[in-house]
Amino acid sequence: MKIAVLPGDGIGPEIVAQAVKVLKALASDGLKVELEEAHIGGAGYDAAGDPLPDATMKLAQDSDAVLLGAVGGWQYDTLPRPMRPEQGLLRIRKGMNVFANLRPALLYPELASASTLKPEVVSGLDIMIVRELTGDIYFGQPRGIQINDKGEREGVNTMRYCESEIRRIAKVGYEIAMKRGKKMCSVDKANVLETTELWREIVTEMNKDYPEVELSHMYVDNAAMQLVRAPKQFDVMITGNIFGDILSDEASMLTGSIGMLPSASLDANNKGLYEPSHGSAPDIAGKDIANPLATILSVAMMLRYTFNNEEGATRIENAVKKVLAQGYRTADIYTEGTRKTSCSEMGDAVVKNL
Ligand code: NAD
């Protein structure tokens, strides 16, 4: 298994170093991995004048999976837009054709008080949001701001999904549901939008290939409400790009800290880009205080979804649960009575508990 390691900017190198420690610990135990590092984002611009240097894209394409830290920093904010770090991220996602974005919202019991919702509403929460990432109204043509026939300015975007796009994301959703609780809720607005009427039709039709999965449908407005009313009713949620964008951010806040949330973006062959959900946190970069758990948990997702190594994934997730139970806390999740832990100490603690 070849893994491209792209630390990026800000806290990226610090958190990725902890995830690499975990991979190396598993490697010393028999996991066959080969790691190769490259620049992305501001680091790519500094090294090669491009936020996604050709060598980095080539490495990503030649690897089985990519582990990415984060990109971005104040010093790059005045660069011309194509040279900015975030462009490197958009280009690698597009270049890898990763159309399925997986964002788990999992609440660790020890962190129940970190959520803004009542502990009884969120404790035990374990949702996987599967969001389509490369289609929908974000990419549909025509788009733009134009002058209409009344001489008035008018904004236009187009919600568009073709059958094959719906099928490939639905397949990912069903396969993930099979690996989890075998329940999938498809979120749409089929009562108003024809695009999502087609979405519902195809997702329903594909249920015959996955008869063990209990499929339900929900309108997006209701789903937004149910996520804060009774989020534990959900196992896998599958939805289009714009609804997924909004619902996955809503769901992430159920769990309290952004420093805990991993993500995976997969292509049709389950090759993936794995990264924490947060950014480069320039305000705390270089201080060894960032929370590396989102990145470490992204490695668990890599083992599960790209390498089909459920045992390795569970080992990492159990080690994270143990360090939390032992009271280790980085500053973002620290509460009185727990053990304040640096980024690197957190990495060491996870390795010790593997
Ligand atoms: P951010 O996620 O970097 O930070 C938001 C807040 O959360 C900050 O206070 C930060 O200190 C804190 N935080 C984030 N991750 C943390 C962690 N692991 N441990 C502890 N605290 C953590 O978002 P932002 O401040 O809006 O953006 C900063 C930079 O990151 C910008 O340049 C932005 O473009 C970039 N960004 C990159 C990505 C990515 O690489 N995927 C995503 C979002 C933002």
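Numbers here are sequence positions counted from 1. Just so it is clear, the structure is predicted and the values come from calculations on it, not from any experiment. One-based numbering, in listed order, for ligands and for the atoms of each.
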Non-hydrogen side-chain atoms of Met302 and Phe307 separated by less than 4.5 Å: yes
Have a look at ligand 1 and work out which part of Asp332, if any, has a heavy atom under 4.0 Å from it: side chain, backbone, both or neither. side chain
Can a salt bridge be assigned to the pair Glu175 and Lys171 using a cut-off of 4.0 Å between side-chain N and carboxylate O? yes
Report yes or no: does Gly73 have a heavy atom closer than 4.0 Å to ligand 1? yes
Does an N or O anywhere in Ala281 fall below 3.5 Å from an N or O of ligand 1? yes
Would you kindly say whether Tyr76 and Arg84 are connected by a side-chain donor-acceptor distance under 3.5 Å? no
If I apply the N/O under 3.5 Å rule, does Asn291 come out as touching ligand 1? yes
Could you tell me which atoms of ligand 1, counted from 1 in the order shown, lie closer than 4.0 angstrom to a heavy atom of Gly72? 32 (O)
Using a plain distance cutoff, I'd like to know if Gly69 has any nitrogen or oxygen under 3.5 Å from a nitrogen or oxygen of ligand 1. no
among protein heavy atoms, the one nearest atom 22 (C) of ligand 1 is Ile284 CD1, 4.0 Å
Can you pull out the closest protein heavy atom to atom 44 (C) of ligand 1? Residue, atom name and distance to 0.1 Å, please. Gly279 CA, 3.6 Å
Any side-chain heavy-atom pair from Lys2 and Leu59 closer than 4.5 angstrom? yes
Looking only at side-chain N and O atoms, does Ser280 offer a donor or acceptor that is under 3.5 Å from a partner on Asp9? no
Keeping the roles fixed (side chain from Ser248, backbone from Arg103), state whether a donor-acceptor pair exists under 3.5 Å. no
So, is Ser277 polar-close to ligand 1, with some N/O to N/O distance under 3.5 Å? no
Please indicate whether any nitrogen or oxygen in Arg93 is less than 3.5 Å from any nitrogen or oxygen in ligand 1. no
Taking the side chain as every heavy atom from C-beta outward, state whether Tyr210 and Lys182 have any pair of such atoms under 4.5 Å apart. no
Is Ile15 in polar range of ligand 1, meaning some N or O pair under 3.5 Å apart? no
